[in-house]
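Letters A, B, ... mirror the listed sequences (proteins, then strands); counts begin at 1. Note: hydrogens, waters and symmetry copies are ignored here, and every other heavy atom, side chains too, is used.
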2 protein chains.
Amino acid sequence: MSSVKEVAERAGVSPATVSRVINNDPTVKPETRRKVQQIIELINYKPNQFAKNLRKQASKIIVMVLPTMNNPFFAGIARGAQAATYKNGYHIITGTTEFNKWQLDAYINLLRTNLADGIIFVSLHASKDVLGDVFNKYPVVLCNEYFEDLEVPCVTIDNHKAGYDAARELTSRGKKNIAYVTGTRKSSSGAGRLNGYKQALSEAGIDYNPHLVVKAKSVLEQIKDAINGIKEKGLEIDAILTNSDLQASYILKGIKDRTIFLPPDISLISFDGTFVSEITNPSLTTVAQPMYELGYKSVEMLIQKLQNKNHIQENVVHLPHQLIIRET
Amino acid sequence: MSSVKEVAERAGVSPATVSRVINNDPTVKPETRRKVQQIIELINYKPNQFAKNLRKQASKIIVMVLPTMNNPFFAGIARGAQAATYKNGYHIITGTTEFNKWQLDAYINLLRTNLADGIIFVSLHASKDVLGDVFNKYPVVLCNEYFEDLEVPCVTIDNHKAGYDAARELTSRGKKNIAYVTGTRKSSSGAGRLNGYKQALSEAGIDYNPHLVVKAKSVLEQIKDAINGIKEKGLEIDAILTNSDLQASYILKGIKDRTIFLPPDISLISFDGTFVSEITNPSLTTVAQPMYELGYKSVEMLIQKLQNKNHIQENVVHLPHQLIIRET
DNA sequence: CTGAAAGCGCTTACAG
DNA sequence: CTGAAAGCGCTTACAG
């Protein structure tokens, strides 16, 4: 392993000067710089990151915690995040909790041990009690979900408008009984979308019926029960809004299997706009989210925060979504 | 930020002793240990990883490079890898190349700068010339694809047998004209599967026809052209074998769109066994790979290598695959 | 424009 | 069983 010392000796300068060359200190005489750079290339010297980090008290590593990689929506966010970290000379450790509480703690420890400079929580569903402390102590950016009265920066779509756009499309098709399959957990995105849904109904002169709003995880079993539960109450369904492409794909599956009792040509709109919405049969009408950009922007905001660049002005950044009409 | 020094002062011992407690040195007197541990908890002390790494010349960080996260097959591998690193007290930086050559170099730099201890390449398609150097200098494990005469450990399924099992299923259905859509790049997995396919044909008394084997990326356009290309040569197709669930899903799409001219009930078998094979309509018969285990085992082997535990005996580890019969 | 020196926060061989 | 000291490989205020 070569070191500044070795480069210094070979170049006939001090380690300090080598360091200055590496860090583009403008006070170095051009000739000296050239000499040092030559040696660096000659012996293919790369500075030891740990020594650097230890000295600088910063690692240029950030952490991104996602619920899972199994949903291509999150994979898309991770991709964007990766691109942004790379572009800014940072590194990223992406991890998933797979819905385990303990996993979350493991990632936070990366901050506590100084391994990482900051953290991005994607679609975090956790109580403020647990995390308020983390928000106070470390640089944090949220993606998709925000916490009401905490001043943590957040990148998301305008969920109210997204919910509105989706429901509006259905009411404009003349649908009156629009079931809405949400996620199982309370969330800012869920609340926003629900309000948008209600607004669209109201504008179409349709009464809001809470029995049409049901919760389910992205598991065939739960989705089936949730939807059939509505019908068992004697309610009609002539359209469905669903929380994710994945959920929607299971609904189509259930309809085809005849475990969900709905017509195969039912109006169905989902959220996300992943490739899943293209490969189902029929293909899904979906509210596409800018996954890549969500990840990219989250990283940019975190880095901005790390570099204390003029105190981030906007706390919540809304990225545009887009309703894509396909076959459902 | 608290440090060993602070803990030492508060506990009335030397920094060395604190370090010994942290590292479970058995020579510490139980009483001393207790005293120190109390202080550690009291002030919630966490050792600075960089200082530790610098001193130990190891980071317990490994890198996993995947082609993309957009294919759930790779997401599954990443999940398994994550679990294994966590279990072993390591951290993992997973990154994707998205098929860019330059990205690869960025990940290798993590080794050069000592940020990471070792690297896992998943489905790596690169020439030995480029990477032989990396293989020699740093601890490397390969996943899915191996390089013939390099002694780099590799975790994969038995692709020959997998290709055989898939093709065998088709010949046993009485199919005679089995098209095979492979990936676009030369690969050890591709070669293995092709040989298995040939063996199954031969056992069924069917002549191997190279015109039935076509290359395509996981893009509708290419797959369409590849398959229609066969038909334009005047060849019949009564079954298809395809490289991935994703590719297969596009084939179904094309058939339904009538841009691929095949009957909707054609026999179709794909590889991977991701959730995609469940949500297509019809659902896919697929050769399921143990994604999670592939990732998990790759990490285990790398860590074994890092710890020099009795020189890894087996160089290539084959994990079991499973043919899952669904609707195609 | 450059160098000598101190220090980032750990661990470990050595001495006792 | 424990401490003093050296050192991992950098960077930076200070002095010249």
Side-chain angles (χ1 to χ4, degrees), chain A residues 1-40 43-61 89 91 109-117, chain B residues 1-40 43-61 89 91 109-117:
Chain A
M1 272 302 91
S2 44
S3 65
V4 265
K5 208 176 137 206
E6 183 182 343
V7 176
E9 277 167 14
R10 293 223 201 189
V13 298
S14 73
T17 299
V18 175
S19 174
R20 289 192 186 99
V21 170
I22 292 165
N23 294 291
N24 291 315
D25 186 327
T27 66
V28 181
K29 194 162 58 172
E31 200 193 312
T32 316
R33 176 181 304 281
R34 227 167 300 129
K35 198 169 52 183
V36 172
Q37 269 164 346
Q38 247 169 33
I39 302 292
I40 288 177
I43 68 175
N44 192 21
Y45 165 70
K46 302 276 176 194
N48 180 310
Q49 274 302 316
F50 294 130
K52 191 168 195 158
N53 294 342
L54 179 58
R55 181 58 226 245
K56 292 227 178 174
Q57 302 286 61
S59 68
K60 295 215 167 185
I61 294 178
H91 301 292
N109 264 333
L110 295 176
L111 297 170
R112 298 210 179 94
T113 58
N114 296 307
L115 230 192
D117 294 344
Chain B
M1 272 304 92
S2 44
S3 65
V4 265
K5 207 176 138 206
E6 183 183 343
V7 176
E9 276 167 17
R10 293 223 202 190
V13 298
S14 73
T17 301
V18 175
S19 174
R20 289 192 186 101
V21 170
I22 292 165
N23 293 292
N24 291 317
D25 185 325
T27 66
V28 182
K29 193 161 60 169
E31 202 193 311
T32 315
R33 175 181 302 282
R34 227 169 298 129
K35 199 170 50 181
V36 172
Q37 267 163 346
Q38 248 169 29
I39 302 292
I40 288 177
I43 67 174
N44 193 22
Y45 165 70
K46 302 275 176 195
N48 181 311
Q49 275 301 318
F50 293 131
K52 192 169 192 156
N53 295 342
L54 178 58
R55 183 55 228 244
K56 291 225 176 175
Q57 302 286 58
S59 67
K60 293 213 166 187
I61 294 177
H91 301 290
N109 264 334
L110 296 176
L111 297 170
R112 298 211 180 95
T113 59
N114 296 308
L115 231 192
D117 295 344

Which nucleotide sits closest to the side chain of [X]: [options]?
X       : options               : value
B:Thr27 : D:dT2, C:dC10, C:dT2  : D:dT2
A:Arg20 : C:dG9, C:dT12, C:dA4  : C:dA4
A:Ser14 : D:dT2, C:dA4, D:dT12  : C:dA4
B:Gln57 : C:dC10, D:dC8, D:dT2  : D:dC8
A:Asn48 : C:dC10, C:dA13, D:dG9 : D:dG9
B:Pro47 : C:dT2, C:dC10, D:dT2  : C:dC10

- Quick one: salt bridge (Lys or Arg N to Asp or Glu O under 4.0 Å) partners of B:Arg55, sequence neighbours excluded? none

Just how far is it from atom [atom1] of [X] to atom [atom2] of [Y], taken to the nearest 0.5 Å?
X        : Y        : atom1 : atom2 : answer
B:Arg20  : B:Asp25  : CZ    : CG    : 6.0 Å
B:Ile61  : A:Ile61  : CD1   : CD1   : 4.5 Å
B:His91  : A:Leu115 : NE2   : CG    : 5.5 Å
A:Asn114 : B:Lys46  : CG    : NZ    : 11.5 Å

Rounded interatomic separation in angstrom, taking [atom1] from [X] and [atom2] from [N]:
X        : N      : atom1 : atom2 : value
B:Lys5   : C:dA6  : NZ    : P     : 15 Å
B:Lys46  : C:dC10 : NZ    : P     : 13 Å
B:Asn114 : D:dC8  : CG    : C1'   : 11 Å
B:Asn53  : D:dG9  : CG    : C1'   : 13 Å
B:Glu9   : D:dG3  : CD    : C1'   : 14 Å
A:Lys35  : C:dG3  : NZ    : P     : 8 Å
A:Leu115 : C:dG9  : CG    : P     : 15 Å
A:Ile22  : D:dG9  : CD1   : P     : 14 Å

- Query: Pairs counted as Watson-Crick or G-U wobble with both distances under 3.5 Å: what dot-bracket string results for DNA chain D, using | for bases tied to another strand?
  - Reply: |||.||||||||.|||

Does a side-chain N or O from [X] land closer than 4.0 Å to OP1 or OP2 of [N], or not?
X       : N      : answer
A:Lys52 : D:dG9  : no
B:Thr32 : D:dT2  : yes
B:Tyr45 : C:dG9  : no
B:Ser19 : C:dT11 : yes

- Nearest-nucleotide check on DNA chain D, B:Leu54 vs B:Pro15; residue mapping nearer the 5' end is B:Pro15

- Qualifying residue, where the test is side chain to side chain contact (heavy atoms under 4.5 Å, CB included) with B:Ile39 and the options are B:Val7, B:Val13, B:Val18: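 Considering B:Val7, B:Val13, B:Val18, a side chain to side chain contact (heavy atoms under 4.5 Å, CB included) with B:Ile39 is found only for B:Val7.
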
- Query: Does any N or O donor sit under 3.5 Å from an N or O acceptor when you compare the side chain of B:Arg55 with the base of D:dG9?
  - Reply: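 A donor-acceptor contact between them is absent.
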
- Message: At 4.0 Å (heavy atoms only), tell me whether B:Lys56 reaches a base, stays on the sugar-phosphate, or touches nothing.
- Response: sugar-phosphate

- Within the structure shown, what part of the strands sits under 4.0 Å from A:Asn23 by heavy-atom distance: base, sugar-phosphate, or nothing?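 Since only primed, P, OP1 and OP2 atoms lie under 4.0 Å of A:Asn23, the category is sugar-phosphate.
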
- Just by distance, with hydrogens left out, do B:Ser59 and B:Asn53 show a side-chain donor and acceptor under 3.5 Å apart?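 No pair is found: no donor N or O on one side chain lies under 3.5 Å from an acceptor on the other.
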
- Pick the nucleotide of DNA chain C nearest each of B:Ala16 and B:Ala51; which residue has the one closer to the 5' end? B:Ala51

- Using 4.0 Å as the upper bound for N to carboxylate O, is an ion pair formed by B:Glu31 and B:Lys35? no

- Item | Pairing residues for A:Arg33 by the side chain to side chain contact (heavy atoms under 4.5 Å, CB included) criterion, not counting sequence neighbours | A:Val21, A:Asn24, A:Val28, A:Gln37

- Task: Determine the Euclidean distance between corresponding C1' atoms of D:dG16 and D:dT12; express it in Å to zero decimal places.
- Result: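 So the two C1' atoms sit 16 Å from each other.
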
